[in-house]
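Okay, so here's the structure we're looking at.
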Amino acid sequence: MRAGPSQDEIRRQNLGALLRYVHVHGATSRAELTNTLGLNRSTIGALTADLAAAGLVTEGAPKETGRAGRPSLVVRPESARVFAYACSIEVDRLRAARVGLGGAVLDRRTLDRPRGLTAAEVAPLLAGAVKEMQHGLPADAVCVGAGVAVCGMVRRDDGLVRLGPTTGWVDEPIGTALGIELGVDVPVLVGNVAEVAAFAEHARGAAAGCDNVIYLYGDVGVGAGIIAGGRRLTGHGGYSGEVGHMVVVPDGARCECGNRGCWETEIGEHGLLRAAGRSDARGRDAVLEVFDAADHGDARAQTAVRQAGDWLGFGVANLVNIFNPEMVIFGGTMRDLYLAAAAQIRSRLNCNGLPACLEHVRLRTPKLGEDAPLIGAAELAFERLLADPLDIG
């Protein structure tokens, strides 16, 4: 028989649970930690002392409570000292940020990304942005790792981008390439942009407290991050969530993936611009111009937006029928389409969704906004620390 966990293992698990709670919920009183974690006050005191000694949290008196008696000490994450680097590789831009323990974005950089760049060409650009953010760091600052969000199919085991139709990538080792460019001894973890954004919104955003969530992310293509039963649904190899490649029009337009009639050919960048009579345009700004033109009465733009909204509602209805989520969040350009065509989306959803599946579903935009992919990428890097806080470098 296998022996039970040792005292040291139990202690490390408790340290991780306490740090994770403070990381997600922010400044928390010892009293709340005692009640939430189910540990006694002396144990909470010992654990917070260990984390404070490791430089991961601080303890201090709360702000004025207005209550009589001695207030409980408040535990806060050391956001300025302990951080992760986060990068988001999008079709037309690159973003990098320094994200502190607790989820605060401390610094950021944004670069234009000419389409067609390989991972070997993107990595130096991101590394340059990261190195800019290293200037002026506290002497005792600790980087626990780096996370990268990318549009494409990411192999779970090693972060290889197997296929990124909208970026033109096939079997690109972006994590390895970025690690070499950074030249630092920290792990560089890679995840699909929709998946990591869903992770962030579930932890600290619009979906906090929801165990079943679909996060739809749009750029040129469309992908989904799926939370089922409170856990990320990644699939066997990590390739789940490629909802943009559901075939909805078998003889439809050619998709970047090689098929015809994929969902994203109707609701993604190319489909919307084609319907609006702007096939020669491209990029997020061009998409936003269509929404603006529709707002100002352009009949063809209005028709394109209504049509895309109808197709978006069609696909969402199928996803709602399959996964029975509590919430669907629209991120990236799907947020803009949702805001511009909410009536069409809801009408189609109500028409095609099963009544039982529609009873409790809510449609939302990201609480974390455009920061969701960056914060989610940072969460990938924080996971190792939260699993074993004593393993901090």
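Since this is a predicted model, take the numbers as computed values, not measurements.
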Expected output: side-chain [X] to main-chain [Y] donor-acceptor under 3.5 Å:
X    : Y    : value
R274 : R278 : no
T48  : I44  : yes
E269 : D219 : no
E172 : V161 : no
R113 : V91  : yes
R95  : E370 : yes
H202 : C210 : yes

Quick test of your reading of the model: are E242 and R162 salt-bridged, counting only N-O distances below 4.0 Å?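 Salt bridge: no.
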For residues 120-128, which side-chain N or O atoms pair as donor and acceptor with protein atoms under 3.5 Å away, sequence neighbours left out?
unit_1: E121; atom_1: OE1; unit_2: T118; atom_2: N; d: 2.8
unit_1: E121; atom_1: OE1; unit_2: T118; atom_2: OG1; d: 3.3

Are V220 and M334 co-members of a hydrophobic cluster defined by side-chain heavy atoms under 4.5 Å apart?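 Looking at the clustering, V220 is in a separate group from M334.
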Apply the hydrophobic cluster definition, ILVMFWY joined by side-chain contacts under 4.5 Å directly or through others, and give me every member besides L160.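 Noted: L160 shares its cluster with no other residue.
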Does the pair R232 and E195 meet the rule for a salt bridge (Lys or Arg N to Asp or Glu O under 4.0 Å), with working shown? CA-CA 8 Å; R232 285 180 290 165; E195 181 189 340; 3.4 Å; yes
Pair N318, W263 - check side chain to side chain contact (heavy atoms under 4.5 Å, CB included), show working. CA-CA 11 Å; N318 285 326; W263 190 30; over 6 Å; no
Distance-only check: which donor-acceptor pairs under 3.5 Å involve side-chain atoms of residues 351-363, not counting sequence neighbours?
unit_1: N352; atom_1: OD1; unit_2: R348; atom_2: NH1; d: 3.1

Between the side chains of [X] and [Y], is a donor N or O closer than 3.5 angstrom to an acceptor N or O?
X    : Y    : result
Y338 : R346 : yes
E32  : H25  : no
H23  : R204 : yes

Verify salt bridge (Lys or Arg N to Asp or Glu O under 4.0 Å) between D92 and R282, making sure each step is shown before the conclusion. CA-CA 10 Å; D92 294 313; R282 68 178 188 175; 5.6 Å; no
Quick one: pull up CE in M153 and CG in D171 and give me the separation to the nearest 0.5 Å.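 It comes to 10.5 Å.
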Report the C-alpha separation of V328 and L319 in whole Å, then their side-chain angles, then the decisive distance to 0.1 Å, and conclude whether the side chain to side chain contact (heavy atoms under 4.5 Å, CB included) test is met. CA-CA 9 Å; V328 178; L319 295 176; over 6 Å; no
Considering residues, nucleotides and ligands other than R41, do more than 12 of their heavy atoms fall under 6.0 Å from its CZ?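 Not buried by this count: 12 neighbours or fewer within 6.0 Å.
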Just wondering, are more than 12 heavy atoms of other shown residues or ligands nearer than 6.0 Å to CG in D112?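 Check fails, neighbour count at 12 or below.
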Considering the options I267, I329, L312, T333, which one meets the side chain to side chain contact (heavy atoms under 4.5 Å, CB included) requirement together with L216?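 That would be L312; it is the only one of I267, I329, L312, T333 passing the side chain to side chain contact (heavy atoms under 4.5 Å, CB included) with L216.
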For R12, run the side chain to side chain contact (heavy atoms under 4.5 Å, CB included) check against N14, D8, I10 and tell me which one passes.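 Testing R12 for a side chain to side chain contact (heavy atoms under 4.5 Å, CB included) against N14, D8, I10 leaves exactly one candidate, D8.
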Do the rings of F314 and W311 sit parallel, tilted or perpendicular, given the 30° and 60° boundaries?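 Judged by the thresholds at 30° and 60°, the geometry between F314 and W311 is perpendicular.
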Apply the test salt bridge (Lys or Arg N to Asp or Glu O under 4.0 Å) to residues E383 and R20: give CA-CA distance (whole Å), side-chain angles for both, the deciding distance (0.1 Å), then the verdict. CA-CA 9 Å; E383 274 299 297; R20 186 180 297 275; 3.0 Å; yes
